[in-house]
Amino acid sequence: MRAERMIADLVEANQDLSLVGDVLSDAHRAGLIASPTKLAQYLEPLARRNQQPSGPKLRNHLYEVAGISHE
């Protein structure tokens, strides 16, 4: 499973976003996030539920939670 899909699955499962941020940080450090664009696409249907207007905004929010600069 791609790391991007795994991150989206955690968000979809209503995991605490700080924990999702930890997983995202680890995956990013390990070079497992191959496509930030694909991550945003996976997050798109989950954005409004997480108080974000779009998948890219939710991705950026998760990057902030994870302490990752926006790419």
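Atom set for the values below is all heavy atoms of this structure, side chains included, hydrogens, waters and symmetry mates excluded.
- The distance from atom CZ of Arg59 to atom CD1 of Ile68, rounded to the nearest 0.5 Å, is 11.0 Å.
- Atom CG of Leu24 sits about 5.5 Å away from atom CD1 of Ile33, to the nearest 0.5 Å.
- For the atom pair Glu4 CD and Asp9 CG, the distance stands at 11.5 Å (nearest 0.5 Å).
- Follow the hydrophobic side-chain contacts under 4.5 Å out from Leu17 and you reach Leu46 in the same cluster.
- If you take CG on Asn50 and CG on Leu62, they are separated by 7.5 Å, rounding to the nearest 0.5 Å.
- Gln52 pairs by the side chain to side chain contact (heavy atoms under 4.5 Å, CB included) definition with Ala47, Lys57, Leu58, His61, not counting sequence neighbours.
- Here the closest heavy-atom approach between residue Ala66 and residue Gly21 is recorded as CB-O, 3.2 Å.
- The salt bridge (Lys or Arg N to Asp or Glu O under 4.0 Å) search around Glu64 returns none, not counting sequence neighbours.
- Remark: Arg29 engages Ser25, Asp26 in a side chain to side chain contact (heavy atoms under 4.5 Å, CB included) (not counting sequence neighbours).
- Atom OH of Tyr63 is separated from atom NE2 of His28 by 5.5 Å, given to the nearest 0.5 angstrom.
- The list of salt bridge (Lys or Arg N to Asp or Glu O under 4.0 Å) pairs with a residue in residues 32-53, not counting sequence neighbours, is empty.
- With a 4.5 Å cut-off on side-chain heavy atoms, Val20 and Val65 do not count as touching.
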